[in-house]
Amino acid sequence: MSKKQYDFDLIIIGSGAGGSVAADIVARAGKRVAIVENDLLGGECPNYGCIPTKALLHAASVYDSTRDSQRFGIRLAAMGYNYPTVREWKDTAVKRTGTAESEKYYRSQNIALFRGKAHFLNDHEITVNRRHVSSSHFLIATGSSLSLPQIPGLDKIDYLTSRSALDCTRPPKSVFILGAGSTGCEFTELFSIFGSKVTLCDIAPRILPSEDEESSLILEEFLSAKRGVNILTKAKVISVQKDGSALRITYLRGGEQHTTKAEKIMIASGKSPVTDLGLENAGVEYSHKGIDVNDHLQTTAPHIYAAGDVTGNYMYTHVGVYESRVVANNILHRTKVTPDYRAVPRVVFTTPEIASVGMTEADCLRHDLPIKKAIAPLHIVSRSNITDDRRGFCKVMTDINGVIIGASVVGPHAGEIIHELTLAIQYRLTATEVANTLHAFPSWSEIVRVACSKIKI
Amino acid sequence: MKAYVVKNGTHDSELFDPLKLHVSILSACMAVRAFEGEAHATAEQVCKHVIDWLTDKTEVTTHDIRRVTTEHLSAYHLDAAYIYDQQNMIV
Amino acid sequence: MTNSIDTTSFGLIMLLLVLAMVHSAFQLGISVLTLMSTHVLGRGKKAVRIRPMIATYVAVSILLTFCIMLIVIFGEILLLPPRSQATVWLILALITFAVGSIVMLRYHKPGKGTRLWIAGPIVRYFINRAERARSPLQSAKLASTAIITELPLTLVIFASSALVIIELLPADYYLTAIILYSLVVMLPLSIIATMIASGHKVSTIQRWRESNKYFIQYIAAFGLYGAGLYILVFLIGFGG
């Protein structure tokens, strides 16, 4: 098929973070672009992921702070929540993202939209609802889906996922959350604030196993002491069964078998890239981890790119957006760009918030990197005193020349504070340079200055 | 939803026929001297898996059907899966 | 024509053996037999029904090889000008090198299976006919088609072997030599046919073929190079 015969210059499979940005950029450059979307426009993040989850978490956080407000002299006649109204708030937040109006926007940008599941017929052609469309380039941004663990009995019961949990009409009386990553911990926070008895289980030795150990410990302590969460680390669920109106969950821990009951079980054990779209027909290689891409995000078929969760690299919306931009550049220009992943911030929106960027201490150990590190506890900054929030710290790691290579912040607004350190890593600033920068008093960001100033070269 | 199967290298498609698949799997099992009853049971199970896989698809290629069938068949009978996969690659 | 065995004769015998072994390494006949057996067994009939078809296949292959060899020998006797052997050997040597190169570079297709570099329509013909083969007559047709399809590559081997037989043996022994040659060439086919007929799994046989396809290919190619070199050096160079 010669180039002249292709229907489009670029077909993007998936309208989420990894696809929509590239569509916009390439369409503005005058190319013929089409997007294929099987589900709601905008992908997971605005519809089922970040936005609705964080909207619910915000409502939970407001409720939680209000409950805790008496020590600040606030008196409330009655304290309670109305969960349907909480859900309405979540729906409002989702509606406000405007993704439902995306179709109009795409039309205005001359981006064709195909609704349906794409499947490759060959390396230049896909089929969508039996309509064959061809393109000179493709961008695969199909994202990821829940990875279900192989647990006997799981297929016979109704389990919650991060998607279905958003539509609960009320928080469950008790819930067993399988998977103590960021999603599991956020839903633990959400349900426990609204009164659910939560058990958080993971096979790893600590919750948030991909974060620094200090971060995990603080959160674990807080969840069990303040929220009454039963945390089961180093535990493996071996079966789930219905037991009347509840569920009986059997797990192995410490070499012994235990059983517990819960009204619901929620699976938050990780995600796997969506790759079932006939990639073999296009000569695109992939594995269970994701689509294989080179430094320019090209797959093994050079005219086919991949961005976002489907590559299995960093499963974050902001990384998907970034990669989408990189792909657009690489399609439009001869000089190809390589994405820089040194400073990818990641945030867990629990209380306290946990944010990190760059390398963790474990990463540095694994690579035998000599580092300098400093930890500044939160309580030494004045803002902590003002708000009575004493849980947390800022940890900064530098190489032997003092250039910041990794950091984590635990505490209120950690997700905002971390961006200063993200910038520092991106532009290879030293801890001294950051420490010598003015930080407003009494802001939370002072903790960054304090931590950086503790590093001596 | 009914799925269509596109012949490789062409744009012609036909409705997926589970019976045709059943017969080809059965043939592969019999070719490696599986017992007839076992072959029928295997074919039935594998067909179920393939039909499940096709649930959310409108159109796939013959290569896809072969690949997915081989994948599921190998869980039941490795030799049959090998022959099923290799049938068009012997000559 | 010689009546005694000497060093030249020994060289010729070795050359004939090498040519026969190289000829036997060609895989199309075996591939078609394997494919046909897969389909016949796949119909769920009792394995014993496959035996007449396999036996016919092998018999026709041997017979056709015999006939082609006979035609080539008599063709050479009748058509070759007298005292032209050196020229003929030279031509055969060059063609042997060419065929060796083709076999080295373009015999088995890369990737899975034991696919050969033959035209698409012919491949489709074999696949369709093998699927529909239900009688010994149909298997005979398949066998003969396979032999004829490979002729472009095997003709030089036939010609060289025929010339060796003419040089080496008195006319009384031609028939015996041709029969023996045909049997040696069809030995691998016969072995595989026997294995299938006696109950071996086609998958086991095919797996072995697949994992050793390049080995067989390179052995055949080097065999052809060796034969060509021998012809050039000993038969032409030292005046065979």
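Remember, predicted model here, so these are calculated numbers, not experimental data. Sequence lines set the chain letters: A, B, ... in the order given, protein chains first and strands last, and positions in each chain run from 1.
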Scored by heavy-atom pairs under 4.5 Å with chain B, the best of Arg207(C), Lys201(C), Glu131(C), Lys112(C) is Arg207(C)

Can you name the residues of residues 82-91 of chain B that have some heavy atom under 4.5 Å away from a heavy atom in chain C?
Tyr82(B), Ile83(B), Asp85(B), Gln86(B), Gln87(B), Asn88(B), Met89(B), Ile90(B), Val91(B)

Determine whether the side chains of Tyr181(C) and Thr65(C) contain a donor N or O and an acceptor N or O closer than 3.5 Å.
no

Give a yes or no on this: more than 12 heavy atoms of other residues, nucleotides or ligands lie within 6.0 Å of atom NZ of Lys20(B).
no

Quick check on side-chain hydrogen bond (donor to acceptor under 3.5 Å, both in side chains): which of Arg115(C), Gln27(C), Gln217(C), Lys213(C) does His108(C) satisfy it with?
Gln217(C)

Take Lys2(B) and Glu59(B), measure what salt bridge (Lys or Arg N to Asp or Glu O under 4.0 Å) needs, and give me the verdict at the end.
CA-CA 9 Å; Lys2(B) 300 268 183 194; Glu59(B) 205 168 33; over 6 Å; no

Apply side-chain hydrogen bond (donor to acceptor under 3.5 Å, both in side chains) to the pair Tyr225(C) and Thr96(C), showing each step before the final yes or no.
CA-CA 7 Å; Tyr225(C) 285 145; Thr96(C) 304; over 6 Å; no

Do other residues, nucleotides or ligands put more than 12 heavy atoms under 6.0 Å from the CZ atom of Phe35(B)?
no

Whether the side chain of Asn128(C) engages the backbone of Arg124(C) through a donor-acceptor N/O pair (distance < 3.5 Å, no angle test) should be reported.
yes

Residue part contacting chain B, namely of Ile30(C), when any heavy atom lies under 4.5 Å:
neither

Could you walk me through whether Tyr107(C) and Phe26(C) pass the ring pair (Phe, Tyr, Trp, His ring centres under 6.0 Å) check?
CA-CA 9 Å; Tyr107(C) 192 65; Phe26(C) 283 77; 5.5 Å; yes

Test side-chain hydrogen bond (donor to acceptor under 3.5 Å, both in side chains) applied to Arg209(C) and Ser31(C), step by step:
CA-CA 9 Å; Arg209(C) 289 186 66 227; Ser31(C) 292; 2.6 Å; yes

Which atoms of His200(C) are under 4.5 Å from chain B, going by heavy atoms: the side chain, the backbone, both sets, or neither?
backbone

Calculate, to the nearest 0.5 Å, the distance between atoms CD1 and CD belonging to Ile71(C) and Glu76(C) respectively.
12.5 Å

Determine which residues belonging to residues 38-52 of chain B lie within contact range of chain C, meaning some heavy atom pair is under 4.5 Å apart, and list them by number or answer 'none'.
none

In terms of heavy-atom proximity below 4.5 Å to chain B, should Ile127(C) be classed as side chain, backbone, both, or neither?
side chain

Tell me which of these, Ala31(B), Ala80(B), Cys29(B), has more heavy-atom pairs under 4.5 Å with chain C than the rest.
Ala31(B)

Give me the ring orientation class for Phe222(C) and Tyr218(C): parallel if the planes are under 30° apart, tilted from 30 to 60°, perpendicular past 60°.
tilted

Could you check whether Arg132(C) and Gln138(C), counting side-chain N and O atoms only, form a donor-acceptor pair closer than 3.5 Å?
no

